[in-house]
Trainee: 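I'd like to ask you about the structure that follows.
Atoms considered below: every heavy atom in the structure, side chains included; atoms not considered: hydrogens, waters and symmetry mates.
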Amino acid sequence: MSIVTKTGDAGTTALMYGRRVPKNHPRVEAYGAVDELNAALGMARAASSENFVTDNLLAIQKDLIVLMGELCVQPEDLKRYFGDGYLPVTPDMAARLEGLVKEIEAQNISFKGWATPGGTKPSAALDVARTICRRAERRVCDLKFHGEVQNEQIVIYLNRLSDLLWLFARWEETD
């Protein structure tokens with residue numbers, strides 16, 4: 001099977017379980033922003049030479065696959081989705097991020113003050129990823145406030161992740 005299916009030529013795309021929606025549907029915007037975030041994290045991972053950053057970014061990218069999967073399912077199909085063995089975003093996922101935040105803050109790297117992105121290539125890539133994360137969070141919040149996302153852990157995860165990405169960027173700037 002080719003990647004070229006032509007099924008989207010009329011401006012629609014398929015969600016999980018074959019439901020078709022316009023390509024500019026808020027759900028598509030939300031998981032598309034998370035997809036952009038995942039790509040930006042890949043760029044940040046490629047730019048960094050620090051195992052602490054690269055190993056954790058790879059784990060986060062794997063979390064985002066879970067998160068995108070849940071986002072691309074309409075609420076009425078979630079029971080089927082989980083029944084098929086797919087995993088939800090869980091509190092443990094955000095807790096892992098909080099643990100990393102505490103670990104970095106224990107090194108006297110904090111959120112106080114403003115930072116101008118671009119101190120180093122890796123930190124700049126992390127700052128780009130952070131801003132994409134915030135956009136993804138806003139898109140998911142839009143879905144949540146319209147009753148289209150029931151799992152509050154998705155918003156919590158993205159909120160923790162943007163904080164962590166800010167700290168990772170500052171950590172990359174520290175020698």
Trainee: Are Val149 and Ile65 connected in a single hydrophobic cluster, I mean Ile/Leu/Val/Met/Phe/Trp/Tyr linked by side-chain heavy atoms less than 4.5 Å apart?
Mentor: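 Both belong to a single hydrophobic cluster.
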Trainee: Considering only heavy atoms from C-beta outward, does the side chain of Leu41 approach that of Ile132 to under 4.5 Å?
Mentor: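 A side-chain contact is absent here, since even the closest heavy-atom pair is not under 4.5 Å.
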Trainee: What ring pair (Phe, Tyr, Trp, His ring centres under 6.0 Å) pairs are there with at least one residue in residues 117-142, not counting sequence neighbours?
Mentor: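 As it turns out, there is no ring pair (Phe, Tyr, Trp, His ring centres under 6.0 Å) pair with a partner in residues 117-142 once direct neighbours are skipped.
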Trainee: Identify the two heavy atoms, one from Ala169 and one from Ser123, that lie closest to each other, and give their separation to 0.1 Å.
Mentor: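 Of all heavy-atom pairs spanning Ala169 and Ser123, the closest is O-CB, 3.2 Å.
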Trainee: Heavy atoms, side chains only, cut-off 4.5 Å: are Leu67 and Leu158 in contact?
Mentor: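 Touching, per the 4.5 Å side-chain cut-off.
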Trainee: What pairs with Thr12 under side chain to side chain donor-acceptor pair (under 3.5 Å), at least two apart in sequence or on another chain?
Mentor: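 With neighbours one apart ignored, the set is Arg20.
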Trainee: Under a 4.0 Å threshold between the charged nitrogen and the carboxylate oxygen, would Glu105 count as salt-bridged to Lys102?
Mentor: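 Salt bridge between Lys102 and Glu105, a charged N being under 4.0 Å from a carboxylate O: no.
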Trainee: What's the shortest heavy-atom distance between Ala30 and Arg139, and which atoms?
Mentor: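 Heavy atoms only, the tightest pair is CA-CB, 3.6 Å.
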Trainee: Applying ring pair (Phe, Tyr, Trp, His ring centres under 6.0 Å), name anything that partners Tyr86, two or more places apart in sequence or on another chain.
Mentor: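 With sequence neighbours excluded, Tyr86 shows a ring pair (Phe, Tyr, Trp, His ring centres under 6.0 Å) to Tyr81, given in chain and number order.
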Trainee: Restricting to side chain to side chain contact (heavy atoms under 4.5 Å, CB included), what partner residues turn up for Asn151, sequence neighbours left out?
Mentor: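 Testing Asn151 for side chain to side chain contact (heavy atoms under 4.5 Å, CB included), a comparison that skips the adjacent residues, returns Glu70, Pro88, Val89, Gln153, Ile154.
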Trainee: Give me the atom names and distance for the closest heavy-atom approach of Gly118 to Ala124.
Mentor: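 Residues Gly118 and Ala124, closest heavy atoms: CA-CB, 3.8 Å.
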Trainee: Between CG of Leu15 and CG of Asp77, what distance do you get to the nearest 0.5 Å?
Mentor: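 Nearest 0.5 Å value for the CG-CG distance: 8.5 Å.
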Trainee: Kindly work out whether a path of hydrophobic side-chain contacts (I/L/V/M/F/W/Y, heavy atoms less than 4.5 Å apart) joins Leu58 to Leu64.
Mentor: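 The answer is no; the residues belong to distinct hydrophobic clusters.
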Trainee: Measure across Gly147 and Pro75 and return the closest heavy-atom pair with its distance rounded to 0.1 Å.
Mentor: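 Heavy atoms of Gly147 and Pro75 come nearest at O-CG, 4.3 Å.
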Trainee: Locate the shortest heavy-atom distance separating Pro22 from Val28; write the atom from each residue and the value.
Mentor: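 Nearest pair, atom of Pro22 first, then Val28: O-CG2, 3.9 Å.
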Trainee: According to salt bridge (charged side-chain N to carboxylate O under 4.0 Å, His left out), who are the partners of Arg138, at least two apart in sequence or on a separate chain?
Mentor: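 For Arg138 there are no salt bridge (charged side-chain N to carboxylate O under 4.0 Å, His left out) partners, ignoring immediate neighbours.
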Trainee: If two hydrophobic side chains count as joined below 4.5 Å and joins carry through other members, does Val21 share a cluster with Met16?
Mentor: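 Result: no, two separate clusters.
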Trainee: For residues 150-169, which residue pairs qualify under salt bridge (charged side-chain N to carboxylate O under 4.0 Å, His left out), counting only residues two or more places apart or in two chains?
Mentor: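 Only Glu98-Arg160, Arg134-Asp163 qualify under salt bridge (charged side-chain N to carboxylate O under 4.0 Å, His left out).
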Trainee: Out of curiosity, Ser162 OG to Tyr157 OH, how far, rounded to the nearest 0.5 Å?
Mentor: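 Rounded to the nearest 0.5 Å, the OG-OH separation comes out at 11.0 Å.
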Trainee: Verify the neighbour count for atom CE of Met43: are there more than 12 heavy atoms of other residues, nucleotides or ligands below 6.0 Å?
Mentor: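 Open: at most 12 neighbouring heavy atoms sit under 6.0 Å from CE of Met43.
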Trainee: Let me confirm one number: the CG-CZ distance from Leu165 to Arg130, rounded to the nearest 0.5 Å.
Mentor: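 Going from the CG atom of Leu165 to the CZ atom of Arg130 covers 8.5 Å.
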Trainee: Could you identify which residues cluster with Ile3, counting Ile, Leu, Val, Met, Phe, Trp and Tyr as linked when any side-chain heavy atoms lie under 4.5 Å apart, either directly or through a chain of such contacts?
Mentor: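 Grouped by the 4.5 Å side-chain rule, Val4 form the rest of the cluster around Ile3.
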Trainee: I need the full list of ring pair (Phe, Tyr, Trp, His ring centres under 6.0 Å) pairs touching residues 38-59, with sequence neighbours left out, sorted by first then second residue.
Mentor: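 Residue pairs with at least one partner in residues 38-59: Phe52-Phe168, Phe52-Trp171.
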Trainee: Looking at CG of Leu97 and CG of Asn56, how far apart are the two atoms once the value is rounded to the nearest 0.5 Å?
Mentor: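 Those atoms lie 9.0 Å apart.
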Trainee: Could you pull out all donor-acceptor pairs under 3.5 Å where a side-chain atom in residues 31-38 meets a protein atom, sequence neighbours excluded?
Mentor:
{"from": "Glu36", "atom 1": "OE1", "to": "Arg135", "atom 2": "NH2", "distance (Å)": "3.1"}
{"from": "Glu36", "atom 1": "OE2", "to": "Arg135", "atom 2": "NH1", "distance (Å)": "3.3"}
{"from": "Asn38", "atom 1": "OD1", "to": "Gln61", "atom 2": "NE2", "distance (Å)": "3.0"}

Trainee: Could you state whether Val66 and Leu57 fall into the same hydrophobic cluster, counting links through intermediate Ile, Leu, Val, Met, Phe, Trp or Tyr residues with side-chain heavy atoms under 4.5 angstrom apart?
Mentor: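 Yes, Val66 connects to Leu57 through the hydrophobic network.
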Trainee: Using 0.5 Å steps for rounding, measure from the SG atom of Cys72 to the CE atom of Met68.
Mentor: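 Reported to 0.5 Å precision, the distance equals 9.0 Å.
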Trainee: Quick one: does Arg27's side chain get under 4.5 Å of Gln74's, heavy atoms only?
Mentor: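 Yes - at least one pair of side-chain heavy atoms lies under 4.5 Å apart.
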Trainee: Does Lys144 use its side chain to pair, donor to acceptor, with the backbone of Val155 at less than 3.5 Å?
Mentor: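 No.
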Trainee: Establish, from distance only, whether the side-chain atoms of Glu172 and Thr120 form a donor-acceptor pair under 3.5 Å.
Mentor: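 No.
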Trainee: Could you list all the salt bridge (charged side-chain N to carboxylate O under 4.0 Å, His left out) pairs where at least one residue sits in residues 42-67, not counting sequence neighbours?
Mentor: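 As it turns out, the salt bridge (charged side-chain N to carboxylate O under 4.0 Å, His left out) pairs with a partner in residues 42-67, which skip direct neighbours, are Asp63-Arg96.
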Trainee: Not counting sequence neighbours, list each pair that qualifies as a salt bridge (charged side-chain N to carboxylate O under 4.0 Å, His left out) and has a residue in residues 82-92.
Mentor: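 Applying salt bridge (charged side-chain N to carboxylate O under 4.0 Å, His left out) to every pair that reaches into residues 82-92, excluding sequence neighbours, yields nothing.
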Trainee: Quick one: side chain to side chain contact (heavy atoms under 4.5 Å, CB included) partners of Asp142, sequence neighbours excluded?
Mentor: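 Only Pro26, His146 meet the side chain to side chain contact (heavy atoms under 4.5 Å, CB included) criterion with Asp142.
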Trainee: Among the clusters formed by ILVMFWY side chains lying less than 4.5 Å apart, do Val73 and Leu143 turn up in the same one?
Mentor: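 Not linked; separate clusters.
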Trainee: Would you compute the distance between atom CE of Met93 and atom CG of Leu161 and round it to the nearest 0.5 angstrom?
Mentor: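 Nearest 0.5 Å value for the CE-CG distance: 10.0 Å.
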